[in-house]
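Comments concern the structure below.
As the structure is a prediction and not an experimental result, all values here were calculated from the model. Worth knowing before you read on, the calculation uses all heavy atoms, side chains too, and leaves out hydrogens, waters and symmetry mates. So you know, we letter chains A, B, ... as the sequences are listed, proteins then strands, and number each from 1.
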Number of protein chains: 2
Amino acid sequence: MVASGQRAVERCNVLGSGGFSDSPDFLYRPYLGNGHRATLDQVASWMEQAGMTTRIDAAGNLVGRYGGGEKSLIIASHLDSVRDAGRYDGPLGVMLGIEAVAALNGRQLPFAVEVYGFGDEEGSRFPAAMLTSRAVAGALDPVALDVPGLEDALQDFGLSTARFLDARRDAADLIGYVEAHIEQGPVLEAEGLALGTVTAIATQLRFEITVDGIAGHAGTNSMALRRDALTAAAEMVLAIEEVARQGPDDLVATVGRMAVGPGAPNVVPGLIVFSLDVRAGTETVRNQAAETIQQRLSAIAAARGAGLEVRQVHDLPAAPCNPVLMDLMDQAVAATGQTPRRLVSGAGHDAMMFSPITPTAMLFIRCKDGISHNPRESVTPEDADLALRALTTFIDLLEARYA
Amino acid sequence: MVASGQRAVERCNVLGSGGFSDSPDFLYRPYLGNGHRATLDQVASWMEQAGMTTRIDAAGNLVGRYGGGEKSLIIASHLDSVRDAGRYDGPLGVMLGIEAVAALNGRQLPFAVEVYGFGDEEGSRFPAAMLTSRAVAGALDPVALDVPGLEDALQDFGLSTARFLDARRDAADLIGYVEAHIEQGPVLEAEGLALGTVTAIATQLRFEITVDGIAGHAGTNSMALRRDALTAAAEMVLAIEEVARQGPDDLVATVGRMAVGPGAPNVVPGLIVFSLDVRAGTETVRNQAAETIQQRLSAIAAARGAGLEVRQVHDLPAAPCNPVLMDLMDQAVAATGQTPRRLVSGAGHDAMMFSPITPTAMLFIRCKDGISHNPRESVTPEDADLALRALTTFIDLLEARYA
């Protein structure tokens with residue numbers, strides 16, 4: 001059978017069916033669960049059909065190796081899923097890697113191709129995420145493995161936390177890392193594009209913001225005299241939106257959680273706590289936006305006589321993609337007849353672990369309505385075909401460069 | 001001992017101490033609890049010292065009667081409290097009624113004075129409120145008594161739901177109803193006034209408002225393409241505030257509760273449900289504000305492509321005070337040397353049950369920082385003295401009118 005994006009999509013659909021899920025009611029494939037075990041067997045057999053030798057590494061990743069060069073190009077994504085998941089977030093990248101190898105049809109490259117199916121990207125089973133790609137990239141602090149239940153689950157798989165870090169690959173043995181993944185956002189679809197070249201995995205700041213007003217009786221506190229924490233917070237939410245809208249395309253700022261206290265219909269709110277998540281392709285853009293936002297919030301609080309506390313709870317650096325590989329990916333996209341489009345990945349991916357140690361590229365594939373982490377996740381076979389063509393062209397271009 | 005507002009305050013402080021509360025840690029005097037029982041005994045003895053005969057009516061209200069006219073002026077407020085209450089919300093009106101009778105010092109009026117200490121205004125024990133004043137005013141639907149636990153609690157008090165409605169007073173036997181109460185708001189204090197004449201107990205509309213957006217990944221949904229339900233709701237909260245601020249002084253509108261779904265820091269909110277409470281002295285003002293607000297919300301939803309559902313959950317009519325009695329109260333306030341100030345009561349009071357059946361007046365007394373339903377509730381003895389003088393003058397003026 002000829003390699004195709006359509007087959008990659010169909011195989012994702014197979015993996016989205018009952019035998020590969022830990023729940024009978026929906027797709028849920030947590031790291032080291034029964035569905036994961038069945039998936040490893042199935043995907044390994046597909047890898048072997050494509051001409052790869054396979055192994056499970058010390059972190060429970062499935063690794064298919066093709067060809068005999070000294071160094072390797074890694075094509076990877078993850079096989080685990082969130083609860084009530086879609087079928088393409090993760091597996092599509094692994095399936096496209098297998099198709100790309102199948103498309104070589106035995107032809108040898110000056111480097112090996114290794115397709116990784118990572119075990120834990122989503123962190124849907126244990127309170128940790130990307131453990132397995134962190135281990136392979138040598139970015140895993142062993143204390144991160146001190147998670148309740150992990151050791152037992154690893155032992156059931158014939159693995160252990162003690163040997164987990166043996167999954168590490170030496171950067172000197174790699175020529176690069178490439179990951180194809182659904183966009184999980186609406187940008188490509190909105191622009192009528194099937195594919196996009198990722199420039200970076202966004203850097204992220206997260207804050208918890210507290211606004212203090214004075215709680216009071218909704219009937220007896222006149223408008224002029226009340227100090228409503230919610231109206232102050234509402235102004236802040238709009239200021240945050242405005243700052244993000246005025247920034248570059250890759251800047252996003254989100255208030256996703258908000259708690260209103262005391263929270264009764266007949267009481268003027270006295271205390272609001274809300275989250276703020278700011279992401280951008282570069283720390284410069286992100287930090288400038290965060291600073292502007294904080295200035296705006298302070299001004300709003302001052303004007304309304306409200307108390308304000310801004311506490312930073314999270315700071316993730318950006319993972320930039322490699323400029324040379326981005327150019328190759330643009331060329332590969334152009335070769336499919338698509339207009340190249342560069343965009344920042346607002347979501348995290350295994351690729352971010354490799355960006356510090358080896359040239360890294362990511363190819364985004366359009367998904368319907370930008371929906372992800374949801375059974376309605378959808379990718380067309382046509383787009384998957386275009387992605388496969390881009391991926392094989394990317395490998396050809398890399399080969400030409402490497403030779 | 002001479003009647004005084006100071007003594008009224010001191011007696012409230014006595015009732016705020018341990019023996020009159022159902023909690024050892026704070027003041028909580030629910031209807032028909034042990035603290036309520038002890039309070040009835042104590043207050044009855046104060047009533048008797050002031051020259052009244054006392055009884056407990058069929059609803060558990062304490063009634064002190066002074067003088068022998070055919071008809072009665074009711075001076076009333078409530079003896080129950082919320083959990084972790086202040087000492088003056090309710091009891092101060094009853095204590096001032098007792099002081100007003102004591103101040104008569106045996107002098108007979110052309111009408112009887114009956115001081116009522118209502119049992120259940122707050123509704124802090126059973127899921128119902130103002131059961132006892134509703135019974136006295138003949139405004140109680142018997143089905144409202146079908147509340148879990150009420151029958152048992154009444155029986156423990158020697159009462160029953162079967163006889164509860166016997167507490168009803170015939171409107172023909174009443175010449176009017178007057179209630180003194182702390183303002184529970186900041187208006188009088190802000191204007192440097194000790195007293196205010198209530199013009200009406202506000203009419204109220206309550207809505208539950210649902211805003212639909214599209215939930216999505218906070219990293220992958222660009223600002224331009226997201227449909228954030230929270231930013232839409234934030235604009236609505238500010239529009240509501242603006243409409244209320246632009247209206248007359250007695251108009252208030254409050255968003256007191258807001259739920260944000262799904263409510264994760266890394267997810268753009270897709271669903272917001274919030275409460276809207278609109279109050280004013282007249283239904284005209286209230287309804288016009290509610291309509292303007294709904295137009296504004298619709299426009300915001302349309303502009304943002306958000307779904308909007310506005311569901312009315314509550315409609316309370318206004319309880320207007322009697323114009324003649326308001327004039328008498330203004331005169332009584334002026335006689336204390338205070339500038340008369342009329343204001344709407346945004347909070348509900350027992351008085352609202354009497355407004356439909358007998359001329360009703362309310363006197364508001366300044367409270368510190370507008371705080372109520374809180375142990376920090378505070379009234380000065382000086383203000384209570386002024387209130388007592390206003391109340392006795394009001395009775396004198398009524399006597400002159402009645403003669």
Top contributor to chain B interface from A:Met236, A:Glu235, A:His373 [non-hydrogen pairs under 4.5 Å]: A:Glu235
Relative to chain B, which segment of A:Arg245 carries a heavy atom at a distance below 4.5 Å: side chain, backbone, both, or neither? both
To the nearest 0.5 Å, how far apart are CG in B:Leu230 and CG in A:Leu238? 8.5 Å
Pick one of side chain, backbone, both or neither for A:Leu251, based on which atoms fall under 4.5 Å of a heavy atom in chain B. backbone
Are any of the side-chain nitrogens in B:Arg226 or A:Glu241 under 4.0 Å away from the carboxylate oxygens of its partner? no
Does atom CD of B:Gln288 have more than 12 heavy-atom neighbours from other groups under 6.0 Å away? no
Do you know which of B:Asn221, B:Val344, B:Asp250 has the most heavy-atom pairs with chain A at a distance under 4.5 angstrom? B:Asn221
Side chain / backbone / both / neither for B:Ala224 at chain A, heavy atoms under 4.5 Å: neither
What part of A:Ala264 is in contact with chain B, defined as an atom under 4.5 angstrom from a non-hydrogen atom: side chain, backbone, both or neither? backbone
CE of B:Met258 to CD1 of A:Ile272: how many Å apart, nearest 0.5 Å? 8.0 Å
Find the distance between CD1 (A:Ile240) and OG1 (B:Thr231) and round it off to the nearest 0.5 Å. 10.5 Å
Report the option among B:Ile214, B:Leu225, B:Asp249, B:Val187 that has the most heavy-atom pairs separated by less than 4.5 Å from atoms of chain A. B:Leu225
If I compare all heavy atoms of A:Val252 with all of B:Gly219, which pair ends up nearest, and what's the gap? CG2-O, 4.1 Å
Pairs of heavy atoms under 4.5 Å with chain B: top-ranked of A:Ala215, A:Gly185, A:Gly348: A:Gly185
Which atom pair, heavy atoms only, marks the closest approach of B:Pro265 to A:Arg257? CG-NH2, 3.5 Å
Under 4.5 Å from a heavy atom of chain B, the part of A:Val267 involved: backbone
Keeping the roles fixed (side chain from A:Thr220, backbone from B:Gln184), state whether a donor-acceptor pair exists under 3.5 Å. yes
Identify which of A:Asp228, A:Val268, A:Val255 forms the greatest number of heavy-atom pairs closer than 4.5 Å to chain B. A:Val255
dist A:Thr254:OG1 -> B:His217:NE2 (nearest 0.5 Å) comes out at 9.5 Å
What part of A:Ala253 gets within 4.5 angstrom of chain B, counting heavy atoms only: side chain, backbone, both, or neither? backbone
Is it the case that more than 12 heavy atoms not belonging to A:Arg206 sit under 6.0 Å from its CZ atom? yes
So which part of A:Ala244 gets closer than 4.5 Å to some heavy atom of chain B, the side chain, the backbone, both or neither? both
